[in-house]
Structures are given as C-alpha cells and as structure tokens.
There are 2 protein chains.
Amino acid sequence: MSSKDSYHHGNLRAELIEAALAAARRSGPDAIVLRSITRQLRVSPNAAYRHFADRQALIDAVAESIQSKMAAAMHERMLSIEAGPPDERARAQLRAVGLGYIGFARAEPGWFDTAFFGVRDGSETVTGDLSARVPPPFELLIDALDALVAAGALSQTRRVGAEWACWSAVHGFAQLVLHGPLSALDDTTVTMFAERTVDDIITGIH
Amino acid sequence: MSSKDSYHHGNLRAELIEAALAAARRSGPDAIVLRSITRQLRVSPNAAYRHFADRQALIDAVAESIQSKMAAAMHERMLSIEAGPPDERARAQLRAVGLGYIGFARAEPGWFDTAFFGVRDGSETVTGDLSARVPPPFELLIDALDALVAAGALSQTRRVGAEWACWSAVHGFAQLVLHGPLSALDDTTVTMFAERTVDDIITGIH
DNA sequence: GAGTCATGTGTACGGTGTTTACATCTTAGG
DNA sequence: CCTAAGATGTAAACACCGTACACATGACTC
C-alpha cells in the first residue's frame, strides 16, 4: 500500500504515470485521459496539474518510460547473440536491434503507439531540446551502427545517415503492422516480412 | 455559389469533405472536428450525421481523397523520368515513387497525417474489406516493383515481400521528418537523407 | 395535390481538458 | 513548540466536444 488515503496522496506523480502506463498499454495514447486516471486513483481531476503542466506532459513522461522498457527488451534480445567473427557479430547485433524494435511494437502495440511522436496537434513546435533527448532505443541503433564501422563492415562515409534509413524501415514496418494492411496477415507471415525488411535495409546501407 | 442558403443545403456531403480537407491540411486529423466544420458551413452539428455515420466516417472519406491527391502528385513526378535502358528506367520509377511519397508528406504534413491509418483507438477492428481497398499510392509502388521484375532487374523470388520493405522505409522516414528528430534538420539535409534511405532500400530488396 | 422520404434543426446528455479560488497538510525557522 | 510558508490536494465552473432523440422542412412520386 503506497497510498496514505488522507488529504495528501503522498505518491501521486508516480502513480499517475503508472496508471497512465496501464491505460496506454491496453488502448494506446488516447486512453490516457486525465479524468479517468485521476478517478482511478480516487483523486480530483485537477490533482494531476500539481505534477504535470497538462495532459501532454503526462503523456511525455509515459512515453519516456516506455522507451526505456523498449530499449531494455531490445537489449535483452541482443544478448542472446553468440560470439563469432566481429563483422558477422556486428551485423547480427544490428539485426537484433531492428527485429527487437518491431518485436516490441507487436508485443505491446498500445505502448509502442505512445512511445514515439504520436500524431500531435498541427501547430506544434517541439520545445527546445531537439538534439538533447535521444530515445534509448535509438541509442542502441547508433551503437550498433558504430560497432559495424568498428568491425570494418561499414565504411565511414556510408555510416553517415545510415541511422535514419534503418530507423525509417523498422518504424514504418511497425506502423504497417499495427495500423496498416499487414495487420491482416498471420503472425508467421508478418515475422517473415519483418526479417525481410530488416535484412534488406541492412544490406542496403552498405 | 453552390449553396442555396435555404433549409436544405443541397450539397452538404461534398462541402463537409472539402471543409474537413482544409482543416486537416492546416493542422492534421485532430482538426477535423464536426462542430467546427458544420459551424463553418452554417449548418447544425447534426447535419453531418445525415451523410456520415460518425466523425470517423468523415475522416475516412477525407483520407481517401487525400490518398488520391497523393497518388496524383507521385504520378506526376514519375512522368518526368526520361527514357533509357529498361532496368535503369524501372529503378528510376521506383525511386520516384519513394521520393514522391516522402515529398508529399513534407509538402502536406497535415494531409499526410490524415491519409493513412492514424493512431486510432486501441479497441478497433478494421471492418471487413482489409484486402479490398488498396491505397492508390501503394498501387503505384506495386506497379513500380512489377515493372522492375518485367525489366529483369528483380527476380520473382525477391519480388515477394518487397513492397512491405519499400513502404516501410518511406513511411517511416515520413514519420521521422514530420514528428521525429529529422524535423530539426534543414531541408537540404533532409532531402539528402531521404534520397539515401530510398536508394538504400532499393538496393536492399535486390 | 397528398404523402413519403431524404435532409435539415433543437435540445439534451455525458464526456473531456483546463482555470480559478480555496482547503489542507508538511515542514522549516525563530 | 509554534507559526508562517509552500507544496499538494479539492470544488466549482467554463468551454468545448461527439452523439442520440424527437421534430421541422422541403423535394419528389403517385
């Protein structure tokens, strides 16, 4: 029991994020509705405003949390790669990053939809720290590409811009699976196409 | 003047779509709000329900319209490709499809966000015609890939699944540009990375 | 000309994010 | 220890939203 059921909740900010995480997991970012979440926590609707500037700020916090979980899942998948020739190993790691990205999206569609730049309002200028906050999953990708260079499997000149090609491919595939035509296909077929897509982009960047 | 400013509007369905298109163009799908649009057309909020089952139905109609515009824009870009060796030409066409897709997204971000499977509510099962309605832009991609096979530049076995890899790459890139980190970069740099991504995926599918 | 049906309006309900003013608890300083 | 300040909760209200239901209007058919 972390709540003190008195006037002051004591741990609201954390529990708001947790409840929002649970809601998003079931039904995506639109399920993060302040009134519903505060109701769950037996707290007035406005209580949330003591911890978040507005709804979007809560969503952002949730997104950050999800990104960490996602990076952890991807990292775990990378660990199960046996050693071998450095270049082959580097390529396998990169492959694991891509398949891990897609795998997380398929395993946790609600979370995935919440994690990255959801379709926001049109008149939005991202505030400031554009280059500062790098999503942990993206960092994994950067590292994998750098390792590929270090292993001599990718030239320095071809290295520049490769991250965008890779991220584009896996992110787009995730969208197609979660909300596009690929959602109609059975799991094994989707897995096949996912591997095809990841392998192709890895081949392509060389 | 297409309106008759009497009790019956006379052309409401079409004008609803048009107004929704204009709103979406400025600020994306969230800007398609029934009350605002019906207000513009000097019509009661419920009037829309005589032509669309609900808000989503209107959005779907708008999306379909945008997809047509998009395919037209992409097609136009393909026309400006001079003749040459069949395989080179086929590859150039495919490249134009990809760059056209991304180009449209950058030129009309609000429309692009509305055109495809926007992040919907979690508890949604797409109703029925999964395989039936193929977005026109996607058809262009299919044709370009088939042409690549016909030109002998892509084997039959490598053909299967190639559309998903290609679509994934360009769609993902569009997301990264519109709502992701790439939005912070200047236009020429983004164009460079777009070309890189498209070229890489085309190389990769072979 | 009468009646039917498509298409519009009025009113109302339940939901939302957010603001403003006020209540309560915690905690630091004299 | 007591008090003032600041952090954190509540209450009421506002301005929206999508949508259901009953009713009004007008166009087209027999």
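Hydrogens, waters and symmetry mates play no part in the numbers below; they use all other heavy atoms, side chains included. These figures come from a predicted structure and were not determined experimentally. Per chain, numbering begins at 1; letters A, B, ... match sequence-line order.
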* Report, as a single string ordered 5' to 3', how protein heavy atoms within less than 4.0 Å touch nucleotides 14-21 of chain C: B base, S sugar-phosphate only, - not at all. => --BBBBBB
* Verify the contact: side-chain N or O of B/H51 to OP1 or OP2 of C/dA6, cut-off strictly under 4.0 Å; return yes or no. => no
List the atom pairs, donor and acceptor, that lie under 3.5 Å between side-chain atoms in residues 70-78 of chain A and the rest of the protein, sequence neighbours left out.
none

What pairs of donor and acceptor atoms, side-chain ones from residues 195-206 of chain B against any protein atom, are under 3.5 angstrom apart with sequence neighbours left out?
unit_1: B/R196; atom_1: NE; unit_2: B/D200; atom_2: OD1; d: 3.3
unit_1: B/R196; atom_1: NE; unit_2: B/D200; atom_2: OD2; d: 2.6
unit_1: B/R196; atom_1: NH1; unit_2: A/R158; atom_2: O; d: 3.0
unit_1: B/R196; atom_1: NH1; unit_2: A/V160; atom_2: O; d: 2.7
unit_1: B/R196; atom_1: NH2; unit_2: A/R158; atom_2: O; d: 2.8
unit_1: B/R196; atom_1: NH2; unit_2: A/I205; atom_2: O; d: 3.1
unit_1: B/R196; atom_1: NH2; unit_2: B/D200; atom_2: OD2; d: 3.3
unit_1: B/T197; atom_1: OG1; unit_2: B/F193; atom_2: O; d: 2.9
unit_1: B/D199; atom_1: OD1; unit_2: B/R95; atom_2: NH1; d: 2.8
unit_1: B/D199; atom_1: OD2; unit_2: B/R95; atom_2: NH1; d: 2.9
unit_1: B/D200; atom_1: OD1; unit_2: A/R158; atom_2: NH2; d: 2.9
unit_1: B/T203; atom_1: OG1; unit_2: B/D199; atom_2: O; d: 2.9
unit_1: B/H206; atom_1: ND1; unit_2: B/I202; atom_2: O; d: 2.6
unit_1: B/H206; atom_1: NE2; unit_2: B/R91; atom_2: NH1; d: 2.9
unit_1: B/H206; atom_1: NE2; unit_2: B/A153; atom_2: O; d: 3.1

* Asked: Taking atom P of D/dT19 as reference, at what distance in whole Å does atom CZ of B/F52 sit?
  -> 13 Å
* To do: Apply side-chain hydrogen bond (donor to acceptor under 3.5 Å, both in side chains) to A/N46 and list each qualifying residue two or more places apart in sequence or on a separate chain.
  => none
* **Set of residues satisfying salt bridge (Lys or Arg N to Asp or Glu O under 4.0 Å) with respect to A/D143, sequence neighbours excluded** => none
* **Gap between atoms CG and C1', on B/N11 and D/dA27 respectively (whole Å)** => 16 Å
Check residues 48-55 of chain B and write down every donor-acceptor pair under 3.5 Å in which the side-chain atom is one partner and the other belongs to a residue at least two apart or another chain.
unit_1: B/D54; atom_1: OD1; unit_2: B/Q56; atom_2: N; d: 3.4
unit_1: B/D54; atom_1: OD1; unit_2: B/A57; atom_2: N; d: 3.1
unit_1: B/R55; atom_1: NH1; unit_2: B/I32; atom_2: O; d: 2.4

